[in-house]
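Data block below; observations after.
Chain letters run A, B, ... following the sequence lines, proteins first and then strands; every chain starts at 1.
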Amino acid sequence: MPELPEVETVRRTLDPLLRGRTIAGFTLNWHRTLEHPTLEAFEYSVVGGQVSGVSRRGKLILIRLSTGGAITVHLRMTGELLFRPDARTIRNSTREAYLRAEFSFTDGSELLFYDTRKFGKIAYRSPDELLGLEARLGVEPLEPDFTADILAALLLARRRQIKPLLLDQAVIAGLGNIYVDESLFRSRIHPLQLSSELGAISIDALHTAIVDVLSTAVALHGTTLRDYRSGLGEPGENQSRLRIYGLKPGTPCPDCGSPLERLVIGQRGSIFCPNCQLLPVIDTPRQ
DNA sequence: CACTGAGCCTGCTAGC
DNA sequence: TGCTAGCAGGCTCAGT
């Protein structure tokens with residue numbers, strides 16, 4: 001499923017391809033794919049618009065228009081944005097059933113949105129709405145302002161289980177289940193660990209792990225486990241770097257050999273090593 | 001404030 | 001071998 005590295009890869013491939021192109025039309029094949037506003041208002045805001053660039057905020061792709069507004073695309077689980085230079089060439093017919101939306105450009109190229117599970121969302125946001133959206137998202141973990149000190153402040157200001165906290169896009173924008181499990185494993189932190197009780201060494205290790213895991217995955221164009229593809233349809237190469245995600249409970253830990261365990265935390269499957277990722281022992285007073 | 005559960009979807013897999 | 005129940009999961013909303 002696309003998280004920050006996958007979305008960033010799509011952004012990087014699409015930016016030079018879409019920049020300067022003018023939208024000629026929009027077709028919506030599944031009504032719920034369009035999140036906002038109405039289809040009529042969306043077409044009015046978008047058709048005739050020129051793309052000034054493609055940016056990213058967290059897991060959100062922003063196709064910026066010269067008017068200052070932007071088309072936002074969230075891939076969620078199985079969404080794919082695919083650019084095709086020539087709309088007249090033959091499409092992959094087996095995938096047409098999952099084609100949820102199409103943008104055509106005035107030069108005959110097109111941008112297709114495929115999404116098997118229909119969770120993905122496309123919207124148009126005015127400049128004002130973009131400001132509101134920005135305010136709802138947390139720090140960008142690959143930007144320079146994401147320091148260990150900032151992470152410590154974010155974690156210690158809350159008393160929450162670390163895993164749901166790291167998945168909270170209002171706190172840190174872009175992490176999903178794969179990279180959170182990987183980061184917690186590398187920093188040897190139990191997914192149920194209370195954020196407010198983490199020590200400086202663990203927080204520093206977690207910060208290093210998050211930055212390393214994400215930047216490696218970006219360099220390798222993301223992790224393709226099944227559906228994820230870049231804006232040109234290419235799979236990523238980061239899957240070989242995953243150390244724990246995707247392993248089944250009972251599998252020996254790659255570090256210590258203990259059987260891995262699985263818990264459902266905040267409705268997400270979570271794989272971890274109960275030996276490497278210890279919960280602190282809380283001793284309770286005798287009655 | 002922190003957490004839980006439902007709902008949105010459909011392909012895949014585990015288990016019979 | 002063939003079938004089905006349940007899992008997978010990002011995000012929002014309602015409720016405790």
Classify the nucleic acid contact of [X] as base, sugar-phosphate or nothing, counting any heavy atom under 4.0 Å across all strands shown.
X         : answer
Gln267(A) : base
Arg268(A) : base
Tyr245(A) : sugar-phosphate
Arg136(A) : nothing

Integer-rounded Å distance: [N] [atom2] and [X] [atom1]:
X         : N       : atom1 : atom2 : value
Asp168(A) : dG9(C)  : CG    : P     : 18 Å
Glu3(A)   : dA8(C)  : CD    : P     : 16 Å
Arg117(A) : dG7(B)  : CZ    : P     : 18 Å
Arg262(A) : dG6(C)  : CZ    : P     : 15 Å
Leu192(A) : dA2(B)  : CG    : P     : 16 Å
Leu165(A) : dC3(B)  : CG    : P     : 9 Å
Leu175(A) : dG10(C) : CG    : P     : 11 Å
Arg100(A) : dC8(B)  : CZ    : P     : 16 Å

Please state whether the phosphate of [N], meaning OP1 or OP2, lies under 4.0 angstrom from any side-chain nitrogen or oxygen of [X].
X         : N       : value
His74(A)  : dG10(C) : no
Gln169(A) : dC11(C) : yes
Lys59(A)  : dC11(C) : yes
Tyr98(A)  : dC9(B)  : no
Arg160(A) : dC3(B)  : yes
Arg32(A)  : dC9(B)  : yes
Lys248(A) : dA14(B) : yes

field: Members of residues 210-242 of chain A that approach DNA chain B, where some heavy atom sits under 4.0 Å away
entry: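 Per residue number, the list reads Arg226(A).
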query: With both distances kept under 3.5 Å, what pairs with dC12(B), Watson-Crick or G-U wobble?
result: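 Its partner is dG6(C).
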query: Looking at NZ of Lys118(A) and CH2 of Trp30(A), how far apart are the two atoms once the value is rounded to the nearest 0.5 Å?
result: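 Spacing of NZ (Lys118(A)) from CH2 (Trp30(A)) equals 3.5 Å.
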message: Check this for me, if you would: do Asp181(A) and Arg268(A) make a salt bridge, where the nitrogen-to-carboxylate-oxygen distance has to be below 4.0 angstrom?
response: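 Between Arg268(A) and Asp181(A) there is no salt bridge, as every charged N stays at least 4.0 Å from the carboxylate O atoms.
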field: Charged N-O contact under 4.0 Å between Asp227(A) and Arg117(A)
entry: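 Looking at Asp227(A) and Arg117(A), the cut-off is not met.
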message: Using side-chain contact (heavy atoms from CB on, under 4.5 Å), reason through Thr78(A) and Tyr98(A) one step at a time and then give a plain yes or no.
response: CA-CA 10 Å; Thr78(A) 56; Tyr98(A) 309 120; over 6 Å; no
- prompt: Counting side-chain heavy atoms from CB outward, which of dT10(B), dA2(B), dG10(C) is closest to Arg158(A)?
  reply: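 Nucleotide nearest to Arg158(A)'s side chain: dA2(B).
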task: Using the aromatic ring of Phe119(A) (for Trp, its six-membered ring), decide whether it stacks on the base of dC11(C) within the limits of 5.5 Å and 30°.
output: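 Phe119(A) ring does not meet the centre or angle cut-off for dC11(C); no stack.
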Is it true that [Y] and [X] share a donor-acceptor pair across their side chains at a distance under 3.5 Å?
X         : Y         : result
Glu35(A)  : His74(A)  : no
Ser109(A) : Asp107(A) : yes
Glu96(A)  : Tyr114(A) : yes

field: Closest-nucleotide 5' rank along DNA chain B - winner of Lys118(A) and Leu194(A)
entry: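 Final value for this comparison: Leu194(A).
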- request: Report the relative orientation of the aromatic rings in Phe42(A) and Phe26(A); use parallel for angles under 30°, tilted for 30 to 60°, perpendicular for over 60°.
  value: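 Rings of Phe42(A) and Phe26(A): tilted, 30 to 60°.
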